[in-house]
There are 2 protein chains.
Amino acid sequence: MLDLPGEILEALPRSPVARDVARRAGVSTATVSRVLNGSAGVRADKREAVIRAAQDLGFVANGAARALSTRRFMAVGAVVPNIENEAFVRVLSSVQDRLRQAGYTLVAANAGYDLDDELREATFLLERGVDGLMLVGDIHHPDLHARIARHGIPMVQTFSLSRERPCVGFDNAASAARAANYLMDLGHRRIGVISGLRRDNDRGGARVTGIAQALAVRGLRLAPEHDIEISYGIGGGRDGFRQMLAGGPPPTAIICGTDQIAFGAMIEARARGLDVPGDLSVIGHNDSDFAPFLDPPLTTIRIHSAEIGHAAGDHLIARIQGRPVVRVTEIDAELILRASTAPPRRDPG
Amino acid sequence: MLDLPGEILEALPRSPVARDVARRAGVSTATVSRVLNGSAGVRADKREAVIRAAQDLGFVANGAARALSTRRFMAVGAVVPNIENEAFVRVLSSVQDRLRQAGYTLVAANAGYDLDDELREATFLLERGVDGLMLVGDIHHPDLHARIARHGIPMVQTFSLSRERPCVGFDNAASAARAANYLMDLGHRRIGVISGLRRDNDRGGARVTGIAQALAVRGLRLAPEHDIEISYGIGGGRDGFRQMLAGGPPPTAIICGTDQIAFGAMIEARARGLDVPGDLSVIGHNDSDFAPFLDPPLTTIRIHSAEIGHAAGDHLIARIQGRPVVRVTEIDAELILRASTAPPRRDPG
DNA sequence: TGGCTATCTGAAAGCGCTTTCAAAAACGAC
DNA sequence: GTCGTTTTTGAAAGCGCTTTCAGATAGCCA
């Protein structure tokens with residue numbers, strides 16, 4: 001091995017390490033570390049020498065070494081059911097917002113509404129190294145929490161409330177019930193539901209339950225043929241509403257699991273010559289970008305995804321840093337009234 | 001410090017390390033590593049002992065230590081202009097797909113259409129530790145590529161083609177030109193453009209240039225008052241079209257930077273009593289979920305985001321693993337004809 | 001200038017893995 | 001059995017950073 005002079009070694013395509021900076025600044029690696037991490041107690045001249053050397057060399061600390069040494073990964077994981085879903089994207093984006101400010105990165109994974117996959121992805125993140133974990137909902141694989149606990153990192157659930165665990169979310173049953181009550185106040189008596197797949201999805205389930213209970217309180221019931229479960233998306237909404245019409249007397253109002261589903265249902269309704277809201281009132285979920293621009297503009301339950309994300313991010317950062325937090329943060333959903341809902345045209349049988 | 005018996009120590013909330021597995025299996029950590037990484041040359045009985053011990057202890061290797069030791073982070077970074085934009089979400093999701101299969105994770109960051117921010121986010125990822133980097137477009141901060149090179153990791157650009165660098169994308173100018181030619185073939189002579197912000201955005205710029213050139217070839221020009229630049233979104237589309245109408249004789253056809261913009265423009269057109277496509281033909285970009293369901297269904301340039309993501313993921317993995325790759329992968333965009341385009345009603349002046 | 005305290009600094013010991021290298025064990029052929 | 005191979009195995013040396021701890025320096029007062 002040749003012993004090349006410093007300048008030539010530095011030109012090598014090997015990225016510089018703390019040792020190189022130390023050598024160039026004429027200090028030890030300990031001092032380099034101290035300066036670069038902003039800890040006090042380094043004389044001004046040495047501090048400047050280190051900063052200059054680091055800059056000259058284009059030094060970037062090796063994250064793995066730092067993580068190994070500090071036992072901090074400076075990363076937070078998030079496992080969401082569907083990474084392409086608008087609401088989850090918004091949450092991820094706003095969590096990341098907060099994390100980024102605190103110097104953390106977000107690593108997101110996709111669970112596809114399957115508990116086993118969720119466990120696998122979470123394990124993957126745990127192995128990769130994260131200091132905290134965000135999940136969606138309150139239903140998980142039985143092993144998941146033990147595994148997280150094993151790693152001793154904080155976890156927060158989002159989008160629904162939980163009796164046992166830290167969470168940021170809202171009462172899915174109550175907000176859906178509010179929508180149902182609003183429809184009943186308008187005079188509707190036959191109300192249908194088109195939800196996304198509910199297996200392993202407590203949010204969807206809670207919403208339907210909430211609606212059924214609200215109906216029951218007023219002596220009505222959610223007819224099985226008006227309780228439709230389909231895959232998400234506009235196409236799903238069309239199919240769902242078609243399916244609903246196939247099963248006996250049509251409802252005068254429907255509540256949909258997402259605005260996409262509602263959009264699909266409205267398209268199908270129009271295709272069948274039904275007027276919205278004259279013949280059919282429609283309520284969606286999420287208040288997507290396009291909801292106010294549909295024809296008619298869509299009444300919807302606005303879920304404050306960005307706020308949920310911010311709160312979840314803050315919660316995790318606080319716990320990672322050992323600060324106290326409240327276990328439950330409730331971020332209420334809101335019923336946004338637009339023109340897709342109205343009293344039923346004539347008294348429905 | 002008490003010297004507790006093994007079983008009790010194992011119950012401590014400290015996550016088990018390779019040493020613990022080794023002790024329990026009666027082998028060395030070297031053997032544990034060999035077994036858990038599937039390298040050959042371990043006798044069957046020891047192999048099984050290690051696997052059992054690892055299982056019993058719920059051992060999960062420390063990613064940072066592994067990364068430090070192997071100089072592999074098993075992670076790939078991606079910096080996109082807007083993490084909430086549908087097209088980029090799709091790309092991220094499909095990149096992740098491929099990465100996940102190869103055992104890598106995706107770490108995504110948001111650059112917000114700003115070169116300085118992009119540099120900052122990329123640096124952050126580099127520091128955090130990634131084995132490869134995906135970028136969008138061909139315009140970047142002048143320091144960015146040097147910094148990436150410094151780390152000696154592969155990089156791939158997406159969504160546009162590049163003369164100098166590895167890329168997966170399509171010819172934005174050519175595909176927009178194709179749309180313009182289609183409109184001209186239909187008989188349109190006054191064609192407008194509503195694009196998203198074009199600063200630091202080569203894709204948007206190339207599209208407008210492509211359209212202008214296609215017009216020029218047929219002796220037409222893109223009037224400045226028909227060349228509108230707005231922020232993305234449905235609202236942006238409405239504003240953009242309103243702005244366009246304010247500037248002299250209206251176009252008989254417009255090409256929009258996204259389907260959202262097209263949607264917004266169609267809403268504004270309808271609000272002004274213009275018929276689509278009778279008075280105004282509209283073309284979007286991306287073929288979003290809702291495009292076929294608009295009224296009328298939207299003609300649009302479909303960008304195969306998922307394919308771009310898959311190709312980009314494969315490209316990076318291949319280079320990380322030292323396999324040869326082609327520098328340029330072209331994934332052509334496609335003009336999807338629907339009912340929002342038609343010949344102009346009467347010969348436009 | 002000397003002595004005592006308050007500041008700074010560097011050597012060295014990890015963090016928990018992987019991997020090299022040489023020794024030990026197992027195997028075969030004689 | 002013995003000896004030469006071929007497998008297996010473990011000890012130990014990193015990977016590049018942080019952090020402790022003790023020694024070196026600087027600052028201050030007498």
Side-chain angles (χ1 to χ4, degrees), chain A residues 1 9 12 14-50 53-54 57-75 103 126-129 131 150-152, chain B residues 1 12 14-50 53-54 57-75 103 126-131 150-152:
Chain A
M1 178 77 77
L9 267 180
L12 283 178
R14 180 194 112 237
S15 25
V17 298
R19 193 74 217 286
D20 302 324
V21 177
R23 188 153 27 211
R24 189 179 179 105
V27 300
S28 72
T29 62
T31 298
V32 170
S33 170
R34 277 190 273 259
V35 171
L36 267 24
N37 290 302
S39 51
V42 175
R43 230 174 41 213
D45 56 336
K46 300 221 171 193
R47 156 166 276 116
E48 271 159 33
V50 169
L57 260 36
F59 171 73
V60 174
N62 179 314
R66 169 174 292 163
L68 182 57
S69 184
T70 58
R71 281 91 170 294
R72 279 287 179 84
F73 295 95
M74 300 310 283
L126 252 20
E127 174 163 17
R128 152 142 256 296
D131 302 309
R150 190 67 152 150
H151 279 255
Chain B
M1 179 77 78
L12 283 177
R14 179 194 113 236
S15 23
V17 298
R19 192 75 216 285
D20 301 325
V21 177
R23 191 156 20 215
R24 189 178 178 106
V27 300
S28 71
T29 60
T31 298
V32 170
S33 170
R34 278 190 273 258
V35 170
L36 266 24
N37 290 302
S39 52
V42 176
R43 231 172 42 210
D45 56 335
K46 300 224 170 194
R47 155 165 276 116
E48 271 158 32
V50 168
L57 260 38
F59 171 74
V60 175
N62 179 314
R66 170 174 291 165
L68 182 58
S69 184
T70 58
R71 280 91 169 297
R72 278 289 179 84
F73 295 96
M74 299 311 282
L126 252 19
E127 174 164 16
R128 152 142 257 295
V130 290
D131 302 309
R150 190 64 151 155
H151 279 255

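Every chain is numbered from 1, with letters handed out A, B, ... down the list of sequences.
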Give B:V42 one of three labels, base, sugar-phosphate or nothing, depending on what nucleic acid heavy atoms sit under 4.0 Å from its own. sugar-phosphate
A:R19 atom CZ is separated from C:dA12 atom P, nearest whole Å, by 12 Å
**Main-chain N/O of B:F73 paired to B:D131 side chain as donor or acceptor, under 3.5 Å** = yes
Whole-Å distance, A:E127 CD to C:dC17 C1', equals 12 Å
> Any side-chain heavy-atom pair from B:E127 and A:R66 closer than 4.5 angstrom?
Replying inline: yes
Sub-3.5 Å donor-acceptor pair from the side chain of B:N37 to the main-chain atoms of B:R34, do we have one?
no
For B:A30, report the nucleic acid contact type (base, sugar-phosphate, nothing); a contact means any heavy atom under 4.0 Å.
base
Student check: side-chain heavy atoms of B:V21 and B:R24 closer than 4.5 Å:
no
Side-chain atoms of B:R43 come closest, of D:dT8, C:dT9, D:dC17, to D:dT8
Between B:T31 (side chain only) and B:V27 (backbone N and O only), is there a donor and an acceptor less than 3.5 Å apart? no
Does a side-chain N or O from B:N62 land closer than 4.0 Å to OP1 or OP2 of C:dC15, or not?
-> no
Phosphate OP1/OP2 of C:dT18: any B:S33 side-chain N/O under 4.0 Å: yes
To the nearest angstrom, the NZ-C1' distance between A:K46 and C:dT7 comes to 12 Å
Side-chain atoms of A:A18 come closest, of D:dG10, D:dC17, C:dG16, to D:dC17
Rounded to whole Å, CZ of A:R72 lies from P of C:dG14 at a distance of 22 Å
#### Entry: Main-chain N/O of A:A64 paired to A:N62 side chain as donor or acceptor, under 3.5 Å
yes
**Prompt:** Looking for any heavy atom pair under 4.0 Å, which part of the strands does A:V32 touch: base, sugar-phosphate only, or nothing?
**Reply:** nothing
Check: Checking side-chain contact (heavy atoms from CB on, under 4.5 Å) for the pair B:H151/A:V60: CA distance, chi angles, key distance, verdict?
Finding: CA-CA 9 Å; B:H151 279 255; A:V60 174; 3.8 Å; yes
Side-chain contact check for B:R34: nearest option of C:dT9, C:dC17, D:dG10 is D:dG10
Here the distance between atom C1' of D:dT19 and atom CZ of A:R71, to the nearest Å, is 12 Å
* May I ask you to evaluate whether B:T29 reaches the phosphate of C:dC17, defined as a side-chain N or O under 4.0 Å from OP1 or OP2? => no
If we ignore hydrogens and angles and just use 3.5 Å, is the side chain of A:S33 paired with the main-chain N or O of A:T29 as donor and acceptor? no
Margin query: Any side-chain N or O of A:R66 below 4.0 angstrom from OP1/OP2 of D:dT18?
Written below: yes
From NE2 of A:H151 across to P of C:dC15 the rounded distance in Å is 18 Å
Every stem of 3 or more Watson-Crick or G-U pairs under 3.5 Å that DNA chain D joins, in order of first number, is C:1-30 with D:1-30
Within the structure, does a side-chain N or O atom of B:S28 lie under 4.0 Å from either OP1 or OP2 of D:dG10? yes
Of C:dT18, C:dC8, C:dG10, the nucleotide closest to the side chain of B:S69 is C:dT18
key: C:dG10 OP1/OP2 closer than 4.0 Å to side-chain N/O of A:T31   = yes
Rounded to whole Å, the CG-C1' distance (B:D20 to C:dC15) equals 14 Å
From CG of B:L68 across to C1' of D:dA13 the rounded distance in Å is 13 Å
